[in-house]
Amino acid sequence: MSASAPITGAVESPTITAESKTKESLDLPWQVVVHNDPVNLMSYVAMVFQRVFGYPKEKAEMHMLEVHRQGRSVLWSGVRERAELFVQQLHGYLLLATIERVN
Amino acid sequence: MELFRNNGTLEISEIDPFLAELLRQIPASANPDSVPAAEQRLFSAPADPAVEKEMCAEWKLYVEPELRRIFATATETVEKDLRQLGEDAKPFANRTLRIPLENSEAWLNALNRARLALAAKFDFTEAELCDHYRSPVGSRRDLSLFQVNFYGFLQEFIVRELECSSERIAPNEV
């Protein structure tokens with residue numbers, strides 16, 4: 001590292017950090033919600049959660065029961081692009097899934 | 001009717017002509033054509049259209065065609081397997097259907113679409129859907145409810161077999 005490097009870093013670093021935080025705050029507040037559906041089988045829904053989100057069986061079943069009993073369950077939250085991809089996969093399995101902004 | 005797994009194949013044997021006909025109807029039942037309620041259920045909105053208007057419009061334009069392609073491919077696979085129940089067999093003889101395990105995803109998809117489309121078309125209530133002992137003899141609505149339950153039974157069998165196969169594989173992988 002050259003002798004002048006710390007000076008350059010000290011000037012530029014705060015700007016880069018600030019931009020990154022702004023981007024994250026715009027991207028983060030999205031969640032994937034699965035809604036109850038009387039037709040889809042409970043075993044099928046739990047299997048889909050395992051496949052799409054990589055959840056272990058117990059966690060997948062917990063979400064499935066939450067959907068069944070409470071009408072909906074938040075399966076994942078994070079950036080919009082990924083949430084959209086999850087919902088697309090869930091629609092491929094015919095689950096009633098939506099993307100919502102986190103309040 | 002008997003269901004069992006034979007190595008890499010899911011076998012449904014002793015299928016009587018009535019159930020064979022219901023199986024043949026899977027591709028047609030999975031097609032939501034001309035039934036707006038079924039179309040809406042199979043291609044549901046990704047968000048509240050009132051809140052995320054732009055997202056829903058983009059979804060229709062870019063994602064829905066891809067979903068239609070996936071569903072069409074699954075239907076084709078199921079149609080090919082269903083050729084085993086062809087007309088060349090004796091009219092009242094029981095049949096056997098062998099589903100290669102690699103086609104099980106397509107079957108799950110087509111069965112699920114058929115169940116959802118029928119349920120949307122006939123607007124079945126949750127109580128009706130839970131009534132597994134209702135006789136199929138009667139109206140077209142009763143027959144369709146029986147179809148939904150019969151397809152659900154097959155779906156359950158495939159899910160269970162897939163689960164068993166992943167459990168069988170797991171110890172060897174570790």
Side-chain angles (χ1 to χ4, degrees), chain A residues 26-27 29-52 54-61 64 67-72 74-77 79-103, chain B residues 30 32 40-49 51-52 55-56 58-59 62-64 66-71 73-74 104-105 108-120 122 124-130 148-149 151-163 166-167 170:
Chain A
L26 284 172
D27 281 347
W30 292 88
Q31 58 192 17
V32 174
V33 182
V34 173
H35 306 265
N36 190 36
D37 179 332
V39 182
N40 274 316
L41 301 173
M42 293 166 93
S43 57
Y44 177 75
V45 173
M47 183 201 80
V48 172
F49 290 168
Q50 283 177 272
R51 287 188 182 179
V52 173
Y55 290 163
K57 193 178 177 185
E58 294 72 25
K59 188 174 179 181
E61 285 179 345
M64 176 273 290
V67 173
H68 181 67
R69 288 168 185 161
Q70 294 174 31
R72 55 181 267 149
V74 175
L75 269 292
W76 188 87
S77 57
V79 294
R80 178 175 159 169
E81 286 77 9
R82 212 154 162 222
E84 283 183 347
L85 194 65
F86 280 136
V87 172
Q88 185 177 344
Q89 285 178 275
L90 292 167
H91 281 204
Y93 284 106
L94 286 314
L95 298 200
L96 271 181
T98 55
I99 309 163
E100 290 178 3
R101 288 172 203 264
V102 177
N103 289 325
Chain B
Q40 269 176 22
R41 177 56 192 88
L42 297 196
F43 301 99
S44 60
D48 181 353
V51 181
E52 305 292 347
M55 184 196 291
C56 292
E58 283 179 359
W59 194 269
Y62 301 112
V63 179
E64 228 182 79
E66 175 62 11
L67 291 174
R68 286 183 192 277
R69 191 193 60 75
I70 291 168
F71 297 166
T73 306
S104 55
E105 290 294 333
L108 280 180
N109 185 286
L111 286 167
N112 211 27
R113 268 185 295 129
R115 296 178 70 242
L116 288 164
L118 285 166
F122 289 94
F124 291 130
T125 63
E126 197 158 357
E128 283 177 305
L129 290 164
C130 293
V148 170
N149 286 329
Y151 294 165
F153 171 71
L154 293 178
Q155 235 190 323
E156 198 80 69
F157 165 68
I158 296 172
V159 169
R160 199 183 61 226
E161 285 306 321
L162 287 176
E163 206 170 60
S166 66
E167 280 167 8

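These numbers come from the heavy atoms of this one structure, side chains and all, not from hydrogens, waters or symmetry mates. Chain letters run A, B, ... following the sequence lines, proteins first and then strands; every chain starts at 1.
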- Message: One pair to check against salt bridge (charged side-chain N to carboxylate O under 4.0 Å, His left out): B:E156 and B:R160. What are the steps and the verdict?
- Response: CA-CA 6 Å; B:E156 198 80 69; B:R160 199 183 61 226; over 6 Å; no
Does any backbone or side-chain atom of [X] lie under 4.5 Å from a heavy atom of chain A? Answer side chain, backbone, both or neither.
X     : answer
B:A45 : backbone
B:L42 : both
B:F71 : side chain

- Would you mind checking if A:R72 and A:E100 are paired as a salt bridge, meaning a charged N to carboxylate O distance below 4.0 Å? yes
- Query: Hey, are B:E64 and B:R68 close enough for a salt bridge, meaning a charged N less than 4.0 Å from a carboxylate O?
  - Reply: yes
- Option that, when pairs with chain B are counted at under 4.5 Å, heavy atom only, ranks first among A:T98, A:L94, A:V87: A:L94
- Query: Residues in salt bridge (Lys or Arg N to Asp or Glu O under 4.0 Å) with B:E66, at least two apart?
  - Reply: B:R69
- Is it the side chain or the backbone of A:L85 that comes within 4.5 Å of chain B heavy atoms, both, or neither? neither
- Query: Where on A:Q88 is there a heavy atom nearer than 4.5 Å to chain B: the side chain, the backbone, both, or neither?
  - Reply: both
- Item | Listed partners of A:Y93 passing ring-ring contact (aromatic ring centres under 6.0 Å, His included), at least two apart | none
- Item | chain A contacts, top residue of B:L67, B:N112, B:V63 (heavy-atom pairs, under 4.5 Å) | B:N112
- Query: How long is the gap from CG on A:L96 to CZ on B:R41, to the nearest 0.5 Å?
  - Reply: 3.5 Å
